[in-house]
Amino acid sequence: MNSRRLPIEGVLVLAVAGVWAILAAVYQLSPSLGMPGYVRVWGAGAVVFLVLGGLLLRRRRSGD
């Protein structure tokens, strides 16, 4: 059985996307922070990192 490894770059970028998504959720769910514009900033960053991570994983798999 051939075990294929995930490329570390893609996994790390997806982990960053997860952290940014968590931060967006914290800003959305904590009105005491008083920074509603930050939800869009962190959310957009999470989407960007998610797309980059997906592209890295797809490029690596097609290159094998």
Side-chain angles (χ1 to χ4, degrees):
M1 187 157 89
N2 187 6
S3 65
R4 292 173 53 165
R5 286 194 203 168
L6 289 175
I8 191 70
E9 297 89 4
V11 173
L12 289 174
V13 171
L14 289 176
V16 169
V19 170
W20 280 56
I22 290 169
L23 287 170
V26 166
Y27 280 118
Q28 176 66 36
L29 300 173
S30 299
S32 63
L33 293 175
M35 294 185 270
Y38 277 58
V39 174
R40 288 190 297 262
V41 172
W42 290 105
V47 170
V48 167
F49 283 117
L50 184 64
V51 169
L52 287 174
L55 289 173
L56 282 170
L57 289 176
R58 190 157 123 217
R59 187 179 125 221
R60 176 67 179 220
R61 285 186 184 154
S62 67
D64 286 345

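What you see below is based on every heavy atom in this structure, not just the backbone, and it leaves out hydrogens, waters and symmetry mates.
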K.L.:
Would you say Ile22 ends up clustered with Val41 if hydrophobic residues are merged whenever their side chains have heavy atoms under 4.5 Å apart, either directly or through other cluster members?
P.N.:
no
K.L.:
Output all residues satisfying side-chain contact (heavy atoms from CB on, under 4.5 Å) with Ala21, sequence neighbours left out; order by chain, then residue number.
P.N.:
Ala46
K.L.:
Is there a side-chain contact between Leu50 and Val13 (heavy atoms, below 4.5 Å)?
P.N.:
no
K.L.:
So Trp42 and Tyr27, would you call those rings parallel, tilted or perpendicular, with 30° and 60° as cut-offs?
P.N.:
parallel
K.L.:
Following the transitive rule for hydrophobic clusters with a side-chain heavy-atom cut-off under 4.5 Å over Ile, Leu, Val, Met, Phe, Trp and Tyr, establish whether Leu56 and Val48 coincide in one cluster.
P.N.:
yes
K.L.:
What is the distance from atom CG of Leu52 to atom CG of Leu57, rounded to the nearest 0.5 Å?
P.N.:
11.0 Å
K.L.:
Is Phe49 linked to Val26 within one hydrophobic cluster, defined over Ile, Leu, Val, Met, Phe, Trp and Tyr using a side-chain heavy-atom separation of less than 4.5 Å?
P.N.:
yes
